[in-house]
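Here the structure is laid out as structure tokens; the discussion comes afterwards.
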Amino acid sequence: MINVKFPDGNVKQFQSGVTPIEIAQSISEGLARVILAAKYNDEEWDINRPIDHDGEIRFFKWDDPEGKHAFWHTSSHLLAEALQELYKGIQFGIGPAIENGFYYDIDPGENTITSADFEKIEKKMNELVARKEAVVRRDISKADALKFFGDNGQTLKCELISELEDGHITTYTQGNFTDLCRGPHIPTTEPIKAVKVLSIAGAYWRGDEKRKQLVRIYGISFPKKKMLEEYLILLEEAKKRDHRKLGKEMELFAFSQNVGPGLPLWLPKGAALRNRLQDMLTKIQRKYGYQQVITPHIGNKMLYVTSGHYAKYGKDSFQPIHTPEEGEEYFLKPMNCPHHCEIYRTAPRSYKDLPLRFAEFGTVYRYEQSGELHGLTRVRSFTQDDAHLFCTPDQLKQEFLGVMEIISFVLTRFGFDYEAQISLRDPEHKEKYVGTDEVWEKAERAIIEACEEKGLKAKQVTGEAAFYGPKLDFMVKDALGRRWQLGTIQVDYNLPERFGLEYTGADNLKHRPVMIHRAPFGSLERFVAVLLEHTAGKLPLWLAPDQAVVLPISEKFNDYAKHVVDVLDEYDVRAFVDDRNEKIGKKIRDNELKRIPYLLIVGEKESAAEEVSVRKQGEGDKGSEKIITFAAGIAQEVEKMTKF
RNA sequence: GCCAAAAUAGCUCAGUCGGUAGAGCAUUUCAUUCGUAACGAAAAGGUCGCGGGUUCGAGUCCCGCUUUUGGCUCCA
């Protein structure tokens, strides 16, 4: 007999060899029907895998990430099984479950697989599901595994196996398909009631640019057909929120081939929106003791040699600008920090001057790889809401906490759900970073401690640090669930060293300041993109390019409509007249679609009484009120929203 | 940069087997002067991304380039 502990603390006895599904059955048939995966003593466990020792069990259903994971992992094997039946001589790489679905990387050999084949693949997958094949787990020795996969020509699998430890290798088999896999899986493919092959893409074997490029096939599956339908509708809806589409419709920004790829043009409405965001931050930062500075868009090559950027990125960035002077070279600035370091150096600094906080909406230029450009979220010229804080080592934590406050205030204010990530150095590849071990350890510890102090749950990821220091990043998801880094805080002991920055301490000796790089929005471009997707273009009233539009019933009331706009203008309400010769129904429709927060309809009744008939975007008719009542109400609402 | 797909009017998109390019919306003009999500009529609008090739003839087939999209790699 073995003792099995449940999450509620209860312990029950079972025969050795009992499976999680049998344990679930002992509780209720209903539970046994819905569980997809289990965890036994922190080990992922198939629900039909026997248990022979005491431990603690947890069950996972579809609603748990672990449940979906097992379901999709099995689906990925199902995809591979289908591909194996359809295409001769293909090789399999890896095929994991991901956040939304699964993929399988394959080397198609002689075959070509295109999106035209998706239907065929789905059909085969459904056919295989109908066979109700069991998914069988087996322990296998390293030698046997190498022989088995080698005999089948699966050299990619053999490479993976050769790196595994003997005695810990398992395979899963369904029908004629056997895969090297750790599991867990669902016991049969039968519950996979709906599958969809979503897309196809290239992916380097083992993520290494220098190795062979495989074909990655993405798919998703569900236990109910209806869930797939709902998911596909969700994808369609997400496409409507795409900031690239909204930016065009709302006339916020554009790109021109003549200007160049990844170089956004901000249109009048977009520029106004962006300026409002900048004003917000300037106001907040003033309270936190920041001073605005302005620096040039280019800098002498030597500046970047000093900062270390030239050695690391010189060849991969925009190439230098040459002057008529022999040998003189300038670079477009890829960041603002070197310039700010030079500002620090313009005067001797005392410990009494610190902390110094220099802020700049600084436009930077980075030569991103052509395939990486993406709307406004990944561009080659963008404006950071940048600031650099120079402080004494003692002040570091306090300053770091202050920055965290600003960032969480901003992200919360816009209603973003954000995730925090601490990006640490990869200790295996120290050559990728500048600075001594001591300095790195100190900086990494400062970030971790600050998060603990604020109670911020942050995921620690090694190898994601900037080359000059560790960082705390704030990530927000776009409409399709892709994560984008917005806010960032980076501790830097290196640049002050490289630029020889110092201050005189109370002991009358020279000391080195610590530097913090930070940007709450990250960049105005990326922030606006994510904000658009988050709000589906329905910007909050204080940010909306046009807050109200006046719709005269007929041209006879155009003059009165202009008068309304004049009154609104006195209250700083942004409004214009839709004086087109169209019927009121048409004007309402067009302006509703333009996502203008308020539509003000005026005709005979309103003009006689100095009133407007108010219609709120998406909510319909709100009745009439005096112009000044409406204007004052809006002004008040905006004032409340802009108290930062 | 790599793998794959796409590019036709301002926008969204059709265009069959290779035979002188089409719709809706937007625009302009005319008519209408209208009460809470699309009134009507007409006109104008195109080097079919760019360059080359095959062909009597190319939006359509082939090659190269550019840009965009989905991924990968990268990301100061």
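In this text, all values refer to a predicted model and were calculated from it rather than measured experimentally. So you know, we letter chains A, B, ... as the sequences are listed, proteins then strands, and number each from 1.
Under the ring-ring contact (aromatic ring centres under 6.0 Å, His included) criterion, A/F400 pairs with no residue at all, not counting sequence neighbours. A/E209 meets the side chain to side chain contact (heavy atoms under 4.5 Å, CB included) test with A/Y204; sequence neighbours excluded. With sequence neighbours excluded, the residues satisfying ring-ring contact (aromatic ring centres under 6.0 Å, His included) with A/H340 are A/H388. Applying the side chain to side chain donor-acceptor pair (under 3.5 Å) rule to A/K120 yields no partners; only residues at least two apart in sequence or on another chain are considered. Residues passing the salt bridge (charged side-chain N to carboxylate O under 4.0 Å, His left out) test with A/E119, sequence neighbours excluded: none.
Taking atom P on both B/U55 and B/A43, the two are 41 Å apart, rounded to the nearest angstrom. Atom name C1', nucleotides B/G40 and B/A58: the rounded distance is 40 Å, in whole Å. Going from the P atom of B/U69 to that of B/A26 covers 27 Å, rounded to whole Å. Look at the C1' atom in both B/C48 and B/G59: the space between them is 5 Å, to the nearest Å. Using C1' as the reference atom, B/C65 and B/A6 are 16 Å apart when rounded to the nearest Å. Across the P atoms, B/G71 and B/C11 are found 24 Å apart, a figure rounded to whole Å. Taking atom P in both B/G15 and B/G49, one finds a spacing of 15 Å when rounded to whole Å.
Within a heavy-atom distance below 4.0 Å of RNA chain B, no residue of residues 105-115 of chain A is found. Remark: nothing in residues 89-99 of chain A comes within less than 4.0 Å of RNA chain B through any heavy atom. For the segment residues 603-627 of chain A, residues with any heavy atom less than 4.0 angstrom from an atom of RNA chain B are, sorted by number, A/G603, A/E604, A/K605, A/E606, A/S613, A/R615, A/D621. For the contact set between residues 241-269 of chain A and RNA chain B, defined by any heavy atom under 4.0 Å, the members are A/R244, A/K248, A/Q257, A/P261, A/G262. In the region residues 329-343 of chain A, proximity to RNA chain B at under 4.0 angstrom, judged on heavy atoms, holds for A/P334, A/M335.
Both geometric conditions, a ring-centre gap below 5.5 Å and a plane tilt below 30°, are not fulfilled together for A/F467 over the base of B/A76.
Using cut-offs of 30° and 60° on the angle between ring planes, the pair A/Y560 and A/H563 is tilted. Between A/F253 and A/H243, the angle of the ring planes lies from 30° to 60°, which puts this pair in the tilted group.
Spacing between atom CD of A/E582 and atom P of B/U27 amounts to 7 Å, rounded to whole angstrom units. Summarising the geometry, the separation between CZ on A/R378 and C1' on B/A76 is reported as 11 Å, rounded to the nearest angstrom. Remark: P of B/A37 and CZ of A/R589 are 11 Å apart, rounded to the nearest angstrom.
Checking B/C72, B/C39, B/U33 against the side-chain heavy atoms of A/K583 singles out B/C39 as nearest. For A/A466, the side-chain atoms get nearest to B/A76 when compared with the rest of B/A76, B/G70, B/U33. The nucleotide whose nearest atom lies closest to any side-chain atom of A/L593 is, among B/C75, B/A37, B/G70, B/A37.
Looking at A/S523 and A/R378, their side chains never come closer than 4.5 Å, going by heavy atoms from C-beta outward. Counting heavy atoms from C-beta outward, A/Y103 and A/L198 have side chains that stay 4.5 Å or more apart. Side-chain contact between A/L214 and A/I106: absent, with no pair of heavy atoms (C-beta onward) separated by less than 4.5 Å. Looking at A/I422 and A/P470, their side chains never come closer than 4.5 Å, going by heavy atoms from C-beta outward. Under the 4.5 Å side-chain criterion, counting only non-hydrogen atoms from C-beta, A/R206 is in contact with A/L160.
A ring-centre distance under 6.0 Å is found for A/Y313 and A/F467.
Evaluation of atom-type donor-acceptor distances gives a pair under 3.5 Å for the side chain of A/N581 against the base of B/C34. The base of B/C75 does not come close enough to the side chain of A/R366 for any donor and acceptor atom to sit less than 3.5 Å apart. Checked by distance alone, A/Y204 brings a side-chain donor or acceptor within 3.5 Å of a matching partner on the base of B/G1.
Taking both residues in full, the closest heavy atoms of A/L539 and A/P545 are given as CD1-CD, 3.9 Å, listed atom of the first, atom of the second, then distance. When all heavy atoms of A/D426 and A/Y433 are compared, the pair lying nearest together is N-OH, 3.1 Å.
Within a 6.0 Å radius of NZ in A/K622, more than 12 heavy atoms belonging to other residues, nucleotides or ligands are found. Taking a 6.0 Å sphere around NZ of A/K538, one finds it holds 12 or fewer heavy atoms contributed by other residues, nucleotides or ligands. Within 6.0 Å of atom CD in A/E619, more than 12 heavy atoms from other residues, nucleotides or ligands are found, so the atom counts as buried in its surroundings.
Stem analysis of RNA chain B (Watson-Crick or G-U pairs, both distances under 3.5 Å, runs of at least three) returns B:1-7 with B:66-72, B:10-13 with B:22-25, B:27-30 with B:40-43, B:49-53 with B:61-65.
Using a 4.0 Å heavy-atom criterion, one finds that A/G469 contacts no nucleic acid atom at all. Using a 4.0 Å heavy-atom distance criterion, A/G371 is classed as a base contact. Residue A/L373 is classed as a sugar-phosphate contact, given heavy-atom separations below 4.0 Å to backbone atoms only. Looking at heavy-atom distances under 4.0 Å, A/I601 makes contact with a base.
In this structure, a donor-acceptor pair under 3.5 Å is present between the side chains of A/T488 and A/D473.
Taking only side-chain nitrogens and oxygens, A/H374 comes nearer than 4.0 Å to OP1 or OP2 of B/G70. The phosphate of B/A26 (OP1 or OP2) has a side-chain N or O of A/K586 nearer than 4.0 angstrom.
Along RNA chain B, the nucleotide closest to A/Q369 and the one closest to A/Y468 are compared, and the more 5′ of them pairs with A/Q369. Nearer to the 5' terminus of RNA chain B, by closest-nucleotide assignment, is the contact made by A/A203 (compared with the other of A/A203 and A/E368).
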Can you list, pair by pair, the side-chain donor-acceptor contacts under 3.5 Å of residues 611-618 of chain A, counting residues two or more places apart and other chains?
| residue | atom | partner | partner atom | Å |
| --- | --- | --- | --- | --- |
| A/R615 | NE | A/E592 | OE2 | 2.9 |
| A/R615 | NH2 | A/E592 | OE2 | 3.3 |
| A/Q617 | NE2 | A/E592 | O | 3.0 |

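A/R380 forms a cation-pi arrangement with A/Y367, by the criterion of a distance under 6.0 Å to the ring centre and an angle within 45° of the ring axis.
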